[in-house]
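In what follows, every chain begins at residue 1, and chains take the letters A, B, ... in the order their sequences are listed. Because the structure is predicted, anything quoted here is derived from the model rather than measured.
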2 protein chains.
Amino acid sequence: MMKEEELLKSHISKHNLKVTKERSLVLRVFLDSEPHITAEELYRKMKNDGSSIGLATIYRTLNLFCESGLAEQRQFGDGQARYELVYNVKHHDHLICKQCSRIIEFENQEIEALQEKVAKKNNFKIFSHKLELYGICGNCSEKNDQ
Amino acid sequence: MMKEEELLKSHISKHNLKVTKERSLVLRVFLDSEPHITAEELYRKMKNDGSSIGLATIYRTLNLFCESGLAEQRQFGDGQARYELVYNVKHHDHLICKQCSRIIEFENQEIEALQEKVAKKNNFKIFSHKLELYGICGNCSEKNDQ
DNA sequence: ATGATTATGATAATGAGTTGCAATTCCCTT
DNA sequence: AAGGGAATTGCAACTCATTATCATAATCAT
């Protein structure tokens, strides 16, 4: 059994929930998808694969993933929540291209350290953070100049 | 005339729009409000003051403020957009208390510089960014420990 | 002042996400 | 292995923030 599956099952048994084929299938497809998928995209992907799963179940299951610590929800400003695997994955932040919607991940330990410093100065305990840089990626810049 | 009013009027005339009493009034109330107000809050505030303005106009006007560079829209994860004056205001980021919803503003030049460095390394041109630190503020921490 | 054009308020529509419910599935107990 | 209480599902109805529609009203260049 995969680590991700184990985490989910541990959360499930801890909360008197049940393992269902739907949950197992959503997990499998989620792990096999691009790293910032929306509920709708996941729904369509599964429909295309012949599944008869309902959209509400996708939402419920993605929320379950978040509660179990497997995934996190992100808002990149296009009005739909995106879900990202965070379990057993190194923390990172995002560069988001306003033109082509490409999402580039990056990590920067110096920035993280400075955030902690800011928090301490403000007597604040950080649980999570969001750093998003919006702009134009190299690809699009070139295209625009042509 | 205030700087903010001038900016708005300049945007208005540049785009063949019109100065209306509603727009002037919304601007006045917006400038006089807490710095992270929602459309609904602004609407109720103006209703309480005896205005008969419609909610749609509030939304339209706040969007106009954003287009003119006077304000920016922010999403702090509670499902409602918040609007913040950014014209003639020093850039800053936010600490958000998950318990009492208090928002603390901070600025950190070192972090900004590191962001630029990350962008350059990824061949990316930054237009704007969002840095939000979520957690528990000092006040709430104390209360919780009692 | 007039007329073309834009703005407004009320209301309907949209779209992402949630919820209620009857039917189904899971899984603990025997 | 079967029974039964509890959780889950799909569907449809609902919420809630925001936007679009449209008839009427206000603005402003001439």
Exercise for review: Compute the bend angle of the helix from dA1(C)-dT30(D) to dT30(C)-dA1(D) from the end axes (five pairs per end), rounded to 10°.
Suggested key: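 The angle, to the nearest 10 degrees, is 30°.
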Classify [X] by what it touches in the nucleic acid, base, sugar-phosphate, or nothing, heavy-atom distance under 4.0 Å.
X        : value
Ala81(A) : sugar-phosphate
Thr38(B) : nothing
Ile53(B) : sugar-phosphate
Asp78(B) : nothing

Exercise for review: Would you grab the first and last nucleotide of DNA chain D (5' to 3') that comes under 4.0 Å of any non-hydrogen atom in chain A?
Suggested key: dG5(D) to dC11(D)
Point to revise | Residues Glu40(A), Arg44(A): salt bridge by 4.0 Å N-O rule | key: yes
Review point. So, Arg82(A) and Glu84(A), do they make that salt bridge, N to O below 4.0 Å?
Key: no
Point to revise | Stepwise side-chain contact (heavy atoms from CB on, under 4.5 Å) check, Ile96(B) with Leu133(B) | key: CA-CA 6 Å; Ile96(B) 299 133; Leu133(B) 309 180; over 6 Å; no
Please answer whether the main-chain N or O of [Y] pairs with a side-chain N or O of [X] as donor and acceptor at a distance below 3.5 Å.
X         : Y         : answer
Glu41(A)  : Thr38(A)  : yes
Asn122(A) : Phe124(A) : no
His36(A)  : Glu34(A)  : no

When the side chains of residues 49-56 of chain A are checked against the rest of the protein, which donor-acceptor pairs come out under 3.5 Å, sequence neighbours left out?
unit_1   : atom_1 : unit_2   : atom_2 : d
Ser51(A) : OG     : Ile53(A) : N      : 3.2

Review point. If you find the nucleotide of DNA chain C closest to Lys18(B) and the one closest to Arg60(B), which residue's nucleotide is nearer the 5' end?
Key: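 With Lys18(B) and Arg60(B) compared, the 5'-side residue is Lys18(B).
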Point to revise | Under the ring pair (Phe, Tyr, Trp, His ring centres under 6.0 Å) test, residues paired with Tyr83(A) that sit two or more places apart | key: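 Scan of Tyr83(A) (ring pair (Phe, Tyr, Trp, His ring centres under 6.0 Å), adjacent residues dropped) gives none.
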**Study point:** Lys117(A), NZ: over 12 other non-hydrogen atoms inside 6.0 angstrom
**Key:** no
Point to revise | First-last contacting nucleotides on DNA chain C - partner chain A, under 4.0 angstrom, heavy atom | key: dA16(C) to dC27(C)
Review point. What about the rings of Phe76(B) and His94(B), do their centers lie closer together than 6.0 Å?
Key: yes
Can you give the donor-acceptor pairs under 3.5 Å from side chains of residues 2-18 of chain A to other protein atoms, not counting sequence neighbours?
unit_1   : atom_1 : unit_2   : atom_2 : d
Ser13(A) : OG     : Lys9(A)  : O      : 3.3
Ser13(A) : OG     : Ser10(A) : O      : 3.2
His15(A) : ND1    : His11(A) : O      : 2.9

Review point. In terms of the nearest nucleotide of DNA chain D, which residue is placed more toward the 5' end: Ile12(B) or Leu55(B)?
Key: Leu55(B)
**Study point:** Toward the 5' end of DNA chain D, by each residue's nearest nucleotide, Glu40(B) or Glu22(B)
**Key:** Glu40(B)
